[in-house]
Amino acid sequence: GPDPADEHVSAPEIARTLQNEKASTILASSGSMTESAAGFIAGQPLSIIEDLRDRAAAGRERPGTSRQTSHALLGRVAAPGSPTHEAIHPFLTPGGNLTGAKVTEGKSNRKFQLTLPGTGNNASPLLHTATPDGINEPSSFSFSSPASRSSTVPVWLEDSVFEGCYDEFCHQVLWPALHYAVPDAPKTRLFYESASYKQYVNANWAFAQRIGEVWKEGDVVWVNDYHLMLVPLMLRSSGLIPNTAPIGFFLHVAFPSSEIFRCLSVREHLLKGILGADLVGFQTANYARHFRQTCGRVLGVETLPSGILPNPTAGRLDALGKGRLVDVGVFPMGIDVARLNEWRMEPEVADWIAMLKEKYQGMKLVVGRDKLDEIQGVYQKIQAFDVFLTKHPEWVGKVVLIQLAIPNAQPHSSNSHSSGSASNSDSDSGDITSAIMTTVSHINSRFSTLTYQPVVLLHTQDVDFSQYLALLSVADVFLVTSLREGMALRTHEFVCCQTGRADDQIPINEGFTGSYSYSGFRSCIAINPWDARGTAEAIDTALNMPRDEARTRWEELHNHVITQTAQAFVVNFLTRCLRANGEHIFHKDMERAGAVRVLDEKAILDKWNSQTPGRKLILVDWEGTLIGDYLPAGAPGATPEREIQKEEEFKAATTILKKLVAQEEKNEVWLLSGLPIKVLERISKEVGGRIGIVSENGCFLKTIEPSVAGGTGTWITMVANFNMTWKSSCLEILNYFSERTPGSFVEEREASVVWRFWTGPSEDSSDRQWARRQAAEAQNHIFDSLGERYGLRIIPGANSFLVLPTKISRSTAVGAILHPDGPAQSPFAGARPWMSITESEVVPSSAQIGEKWGCILGLSSDENLLRRLAELSIAETCSTSGKGTDASWKIERVRVLPFLESLVDVA
Ligand SMILES: O=P(O)(O)OC[C@H]1O[C@H](O[C@H]2O[C@H](CO)[C@@H](O)[C@H](O)[C@H]2O)[C@H](O)[C@@H](O)[C@@H]1O
């Protein structure tokens, strides 16, 4: 989840937003997760139990339920006369025709679901009544609770749409690819050319339209999972809802390396579809990194650790919001522990626990619950169990594997005519099922006795929820052998159900799941599902595990499960989504409304002349504000003309600075710079040492001499206790990229490193685009391999980026300048561990600053610094970045020196 210290929107704020009767969160999903999450947001308990979902899925597939008895659908996909899909975003619809979907009474139809939590009973009148077309919802369809009924809007799809979308495209193309299976290229092409992808587009469009119908001002749209990847962009770009609306997308399943994803023929459409969101969330940091890299490689967009810029050249104000920085975050899904605890206390569960204990008395139970597909590794599990019994005959007769199998979604052969590939899938899933059955029969015939059957394979629909919870409570080992998986919440359910167990025998095995990437889940016994012998040994280790070790491991697992809950997931996701959206809106509003005024120099001067006693503190950026962009001598691109220009700029700036600091009883001037000490020393000499200097963006400070300001005129390090060993690895990475990026070079500084990836002309060109892509790759590489380990941050610029310690910034430096106890003002400066404070505390309050200065003027392009300074009543903040800003004023760079000069004679 996000760092709470970094939040601009708090959970109470979300609650406030959602309590506004006009606002709600629209959860779009094809699963029942939304139904339960909706309950939570609406103030009711959240229940996200995978089993319920699976049972719902299993029921849906069973003949005689909704599939056969649904006889109506709601509305058409697009109203006559509405824009066609191609007109809105042509890339989404190869030959798609949105108005083609027809209402066909009597045909079986299938449902995806939209949920509108927070709307309570005032929810849309579209709910559970006749549609405008006068068609009632299918009589067999029912919501599991009155609360979800009152807040859920079904999206009805024709069978052909549902099958093409869900059974074919989702389950046969997307699901395997997202779980790292290289797409079967001929089949994928078939899908693309056939109706399947078109039906995926149509189903997504049906969702987008439905959201458009129910959306109200203030609503947040949260799109869930891979079935609806196109919905975010459809909403953002179609005018169905305002393009400034908050939209989040969360992927519940895995996201593979770009090497796999780029094999999908519709890869660009899917990625662009997702990038319509303000926030894109993943279960683990690996999946988020894969997504960023895939967007960079497939779409050629800029992908930074802070997010993805879908269209850098469009600017922040692009009509479709394409210039936005799309936030990418990690939000581990969890379970509703309290709700599960209530359920497992039900008397039927206790009855089943007693029954199971009696039946399997004296035996150990290994339990699993997985989909019967190629991804969830049931085949590998059964094989490993065979090896286990063979290698450990001492366990024969004493250990039973109870495997619950979720039937794989089977496409309707009668209706699956769209691509011709359904039969492939039938045989694929039939192959895996029959391979599993054969292996189970083989084990059972080999090891069974009159009273012992080693493997019990049950379909989930044959086990009710109480029985399932009882099984989880009595299991000795819970075995997951997924070849890849988004999270695997059934292991969380197992951990929870083992609470209070008397004999503490609680080991667990896991494979390649999202859960396992969290430190709390490292207490599982790790296995490689492809290594049957290793898994067999892991089962033996688990069964023989000493009680103390099992208890310690369980406690670590349990701590994770009870902290990373479903509730935490929902709050963290929505908080960050609102924040990401807020930032987009802010920048749009600022620029659209011209909200930032150009600095009224005269008004400021008059104010200071007439009202302000005391000295002025002037905080001003050096490069980019007083001078142009700095390029070291001898660097590629540092032409003789540029050198001359640089000298002229230097002279002009230092001349004004000298005048200002000459009036030291009136002015105190601090230069803020990212440059190293050796470069800045020249300015200090030129100005006679009577100027304060911040070097390397806050890593070092030089106080003023002579000491009107109480300074010592010496350099103070702000990074004394920092581990700087990261620099050598960082330089190694950057040298690698430099060799591949013509004209680029690396600047090593004392405590930071700069990569100037582009030193050529500022116009856009293919070479420059290449350099930007290299820069994005390099940043991701550094962020992923060194960022967390060493506490580093990256400041991206147009032609360069800077790597430095996270706790260092111009804001921390200014805190040190302003704070009465800070190193810049204290005689013990430099000896104190100043950096123990957090970034949000760095700029002290007006009261703490006291009366040392009558006013503060900040002229900078550093938005964080300006934002913090703006909180001080005596500060005037002025942005020199030329972009949207939180500062009170903006000023063009050419006006900076004349304005400073005008301050020279202010009384
Ligand atoms: O089969 P589908 O209708 O396509 O749904 C996909 C799966 O969704 C759920 O699992 C995923 O989300 C879980 C919660 O975030 C996560 O723990 C799991 O790893 C993901 O695969 C559902 O539980 C599965 O049954 C569905 O197959």
Side-chain angles (χ1 to χ4, degrees), residues 27-37 46-61 110-113 162-163 165-180 200 203 222 224-229 249-256 281-284 286-287 330-336 368-378 404-411 425 429 459-461 468 480-495 510-518 521 560-561 564-566 568-570 572-573:
L27 287 151
S29 164
S30 70
S32 60
M33 170 272 194
T34 50
E35 200 177 320
S36 35
L46 173 67
S47 65
I48 298 177
I49 302 295
E50 280 184 289
D51 183 68
L52 288 182
R53 190 173 349 179
D54 299 332
R55 289 189 314 132
R60 198 173 53 214
E61 300 304 326
R110 305 276 294 268
K111 174 206 68 128
F112 275 169
Q113 156 184 313
F162 192 92
E163 283 154 18
C165 167
Y166 188 76
D167 297 336
E168 293 179 4
F169 191 74
C170 286
H171 283 168
Q172 295 172 59
V173 179
L174 274 182
W175 171 267
L178 290 168
H179 292 88
Y180 295 61
Y200 181 79
W222 183 359
N224 280 271
D225 228 356
Y226 68 103
H227 321 83
L228 300 174
M229 284 176 161
F249 177 84
F250 184 79
L251 189 71
H252 287 260
V253 300
F255 194 93
F282 295 90
Q283 302 267 27
T284 73
N286 278 345
Y287 303 150
V330 179
F331 307 89
M333 176 68 156
I335 60 169
D336 182 347
R369 181 176 62 79
D370 309 273
K371 242 185 185 180
L372 274 191
D373 66 7
E374 282 148 339
I375 304 296
Q376 292 211 334
V378 177
L404 306 186
I406 305 158
N408 203 12
Q410 298 290 329
S425 159
S429 83
H459 273 186
T460 40
Q461 66 254 41
Y468 173 60
V480 179
T481 49
S482 295
L483 307 187
R484 193 63 65 171
E485 187 159 356
M487 181 56 77
L489 292 181
R490 53 201 182 281
T491 55
H492 300 225
E493 292 161 17
F494 166 71
V495 170
E510 273 239 357
F512 284 39
T513 61
S515 306
Y516 189 67
S517 74
Y518 286 91
F521 263 77
H560 177 94
V561 169
Q564 302 289 343
T565 58
F569 164 77
V570 170
N572 288 341
F573 186 91

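Start at 1 and go down the list; that is how both ligands and their atoms are numbered.
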> For Val561, which of Thr491, Ile335, Leu489 qualifies under side chain to side chain contact (heavy atoms under 4.5 Å, CB included)?
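Result for side chain to side chain contact (heavy atoms under 4.5 Å, CB included) with Val561: Ile335.
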
> Check the orientation of Trp222 and Phe250. Use parallel for under 30°, tilted for 30 to 60°, and perpendicular for over 60°.
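Correct class here is perpendicular.
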
> Going by atom types alone, do Glu168 and Tyr200 pair a side-chain donor with an acceptor below 3.5 Å?
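Distance-only check fails for Glu168 and Tyr200.
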
> Is there any N or O on Met487 that sits under 3.5 Å from an N or O of ligand 1?
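By distance alone, the answer is yes.
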
> So if I count the atoms of ligand 1 from 1 in the order they appear, which ones are less than 4.0 Å from some heavy atom of Met333?
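It comes down to these atoms of ligand 1: 14 (C), 15 (O).
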
> Mind telling me whether Tyr226 and Trp175 have parallel, tilted or perpendicular rings, with 30° and 60° as the class edges?
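Judged by the thresholds at 30° and 60°, the geometry between Trp175 and Tyr226 is tilted.
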
> Can you figure out which of Gly486, Gly334, Ala488 has its heavy atom closest to atom 17 (O) of ligand 1?
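Heavy atom nearest to atom 17 (O) of ligand 1 belongs to Ala488.
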
> Take Arg490 and Glu485, measure what salt bridge (charged side-chain N to carboxylate O under 4.0 Å, His left out) needs, and give me the verdict at the end.
CA-CA 12 Å; Arg490 53 201 182 281; Glu485 187 159 356; 2.8 Å; yes

> Out of Tyr226, Phe250, Trp175, who gets a non-hydrogen atom closest to atom 4 (O) of ligand 1?
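It is Tyr226 whose heavy atom sits nearest to atom 4 (O) of ligand 1.
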
> Taking the ring of Phe569 and the ring of Phe331, is the distance between their centroids below 6.0 Å?
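That pair fails the under 6.0 Å test.
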
> Could you work out, for atom 14 (C) of ligand 1, the closest of Arg369, His252, Arg490 by heavy-atom distance?
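Of the listed residues, His252 has the closest heavy atom.
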
> Using the benzene-type ring in the case of Trp, are the ring centres of Phe169 and His227 under 6.0 Å apart?
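No; His227 has its ring centre 6.0 Å or more from that of Phe169.
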
> Would you say His171 touches ligand 1, if touching means a heavy atom closer than 4.0 Å?
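Yes.
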
> For ligand 1, which atoms have a heavy atom of His227 less than 4.0 angstrom away?
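In order of numbering, the contacting atoms are 2 (P), 3 (O), 4 (O), 5 (O).
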
> Relative to the heavy atoms of Lys371, which atoms of ligand 1 are at a distance of less than 4.0 Å?
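Every atom of ligand 1 under 4.0 Å from some heavy atom of Lys371: 1 (O), 27 (O).
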
> Which label fits Phe162 and Tyr166: parallel for a plane angle under 30°, tilted from 30 to 60°, or perpendicular past 60°?
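Rings of Phe162 and Tyr166: tilted, as their planes differ by 30° to 60°.
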
> State whether the shortest distance between N or O atoms of His179 and N or O atoms of ligand 1 falls below 3.5 angstrom.
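In this structure, His179 places no N or O atom under 3.5 Å from an N or O of ligand 1.
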
> Does ligand 1 have any atom sitting under 4.0 Å from a heavy atom of Cys170?
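Cys170: no contact with ligand 1 (<4.0 Å).
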
> I'd like to check which ligand 1 atoms, numbered from 1 as shown, lie under 4.0 Å from a non-hydrogen atom of Glu485.
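Counting atoms of ligand 1 from 1, those under 4.0 Å from Glu485 are 18 (C), 19 (O).
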
